[in-house]
Protein chains: 2
Amino acid sequence: MQKPVALTQLRVACSGCNLRELCLPVKLTGADLELLDELISLKHAYQRGDYLYRSGARFQSLYAIRTGFFKTQVLHEDGREQVTGFQMAGEIIGMDAISSDSHACDAIALEDSEVCEIPFVRLEELSRRLPSLQRHLHRILSREIVRDQGIMLLLGSMRAEERLAAFLLNLSQRFSVRGYSPTSFHLRMTRQEIGSYLGMKLETVSRTLSHFQAIGLISIRNKSVELNDLVKLQTFVGPPPQLL
Amino acid sequence: MQKPVALTQLRVACSGCNLRELCLPVKLTGADLELLDELISLKHAYQRGDYLYRSGARFQSLYAIRTGFFKTQVLHEDGREQVTGFQMAGEIIGMDAISSDSHACDAIALEDSEVCEIPFVRLEELSRRLPSLQRHLHRILSREIVRDQGIMLLLGSMRAEERLAAFLLNLSQRFSVRGYSPTSFHLRMTRQEIGSYLGMKLETVSRTLSHFQAIGLISIRNKSVELNDLVKLQTFVGPPPQLL
DNA sequence: CATAGATTTTGACCTACATCAAACGCGTAT
DNA sequence: ATACGCGTTTGATGTAGGTCAAAATCTATG
């Protein structure tokens, strides 16, 4: 079931990684960066559908996504699932597991992906020696908290149209930061997964996307989206005009 | 507006605090605990309605709640608000601010409260020297992430009845850990605040509570609740029986 | 302790979204 | 090429919870 194929052990380390600016090494330089390189030597490849980790599994490492796309989900014992996030290159995953030494959610590859393993005990050691790394680790943890709060706002107080608009804009922004087009991209997840993430049914996702397309806001065919008007899309995040 | 009245500077420090087991000092002993004491010397008192901090304010410290009750909320620019949590004694608040050096939410006292200020830079310094403190800080940050994921599950995939049952059980459990009755307590928040937190309108909160009372599950009068059957309440968290 | 304002409850009605169902498109295997 | 299966779209209908409104109750203040 789990297929962590150890990839090239070639030193394609942080110092040479083009995600340096986004990922864990932010602001590290020279000798400090080399110390981090030593720590993060293992790369693993995952195929679409593979689990990076499962809920309940013993916690040992954080993972930095090098390439590809993951989703994280929590399962309620009654079988209901909630997608808690979609992660892309440069993002760190697995932080929920620190609190209990075991993973609190599943992480599943949505396409063929590569991750760097970050043994957490060693990361803690190193961050004791490098204050700037320590600070950055804290920022990453905190950023996750802020992200989650944003999703609470979305789930707790937005309507379906707003949620979907916010979702598309969020993806757009993240692709943009990574040098991809902010207006044209592939959704790696199903309507069902989007729906789970946004607290709505897949049919509602589909209908709402169709509606956006009908009014010319987006063009969508299967998993390819084109955002035709980012500014107008932004106005959909917020109460309908007549209520202002 | 903000009234941080510096309280007694008497050394009512961590080492003598009865929240020691719940709060930041977990597992610290002897000399290490004294180092933490030095750091956390400032106590502040807040009255009901006071802001502990506001969204956008510069980040300097985390806060440990000594006594009282707070809520945190994020405001959407259009005025909608989402309550993101209710915090009680022994809980650490303000961690969302680490990522951007400014607070991402408001924290407001729901009753007269006291907090210990934890200057974050100094906490980082100390946690570089004390691995067990470092680990605990990471756990606290991670625990917040897990908590938020639980709320996502709640908001994204539960019905009103389930959310409210889960909410009451969560409070029950937290009071219990603190030595208070798990079956009889005061809600410090309004129906509106509960509703905001749980993603429903105050009328729905009120109706659902009335319903729980009608079937003998709880007794509620204003803000005093009595949980008459914790086990049965638990069965309300989960899909309705006919779907199993 | 009287009054005003907030909070809560309850009722009647409405709507956004869910549910159920059918048809369609597309990728993959035979 | 054909068929199977999964994901998606679209339509028809149902309902949980929202909205609006009024009454009841609580709380704070002079």
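Just so it is clear, the model here is predicted, and its values are computed rather than measured. Side chains are part of it too, since the values below use all heavy atoms of this structure and drop only hydrogens, waters and symmetry mates. Chain identifiers are assigned alphabetically (A, B, ...) following the order of the sequence lines, protein sequences preceding nucleic acid strands; residue numbering begins at 1 within each chain.
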Rounded off to whole Å, could you give me the [atom1]-to-[atom2] distance for the [X] and [N] pair?
X         : N       : atom1 : atom2 : answer
Met200(B) : dT8(C)  : CE    : P     : 13 Å
Leu187(B) : dC26(D) : CG    : C1'   : 15 Å
Arg159(B) : dT15(D) : CZ    : C1'   : 12 Å
Leu198(B) : dG18(D) : CG    : C1'   : 16 Å
Arg163(B) : dA16(D) : CZ    : P     : 14 Å
Leu209(A) : dT10(D) : CG    : P     : 10 Å
Gln213(A) : dT8(D)  : CD    : P     : 14 Å
Glu203(B) : dT7(C)  : CD    : C1'   : 11 Å

Are the aromatic rings of Phe236(A) and Phe212(A) close, with centres under 6.0 Å apart? yes

Would you say the rings of Phe70(A) and Phe86(A) are close, in the sense that their centroids are separated by under 6.0 Å? no

[X] side chain, from C-beta outward: closest of [options]:
X         : options                  : answer
Lys201(A) : dT8(C), dT10(D), dA18(C) : dA18(C)
Asn222(A) : dC26(C), dT7(C), dT10(D) : dC26(C)
Arg207(B) : dG18(D), dT8(D), dT19(D) : dT19(D)
Ser210(B) : dT8(D), dG17(D), dT9(C)  : dT9(C)

Counting only N and O atoms by type, is there a donor-acceptor contact under 3.5 Å from the side chain of Arg66(A) to the main-chain atoms of Ser113(A)? no

Without swapping roles, check the side chain of Ser210(B) against the backbone of Ser206(B) for a donor-acceptor pair under 3.5 Å.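 Yes, because the side chain of Ser210(B) sits within donor-acceptor range (under 3.5 Å) of the backbone of Ser206(B).
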
Please compare Arg48(B) and Thr204(B) by the position of their nearest nucleotide in DNA chain C and report the one closer to 5'.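 Going by which nucleotide is closer to the 5' end, it is Arg48(B).
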
Under-4.0 Å salt bridge between Lys43(B) and Glu117(B):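 Salt bridge absent between Lys43(B) and Glu117(B).
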
Does a nitrogen or oxygen in the side chain of [X] sit under 4.0 Å from OP1 or OP2 of [N]?
X         : N       : value
Lys223(B) : dC26(D) : no
Arg191(A) : dT9(D)  : yes
Thr190(A) : dC6(D)  : no

What's [X] touching, base or sugar-phosphate or nothing? Going by heavy atoms closer than 4.0 Å.
X         : value
Arg221(B) : sugar-phosphate
Leu202(B) : base
Gly195(A) : nothing
Ser206(B) : base

Any donor-acceptor pair under 3.5 Å between the side chain of Gln192(A) and the base of dC6(D)?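 Result: no qualifying N/O pair found.
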
Once the angle between the rings of His103(A) and Tyr53(A) is folded into 0 to 90°, is it parallel (under 30°), tilted (30 to 60°) or perpendicular (over 60°)?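 Parallel, since the angle between the ring planes stays under 30°.
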
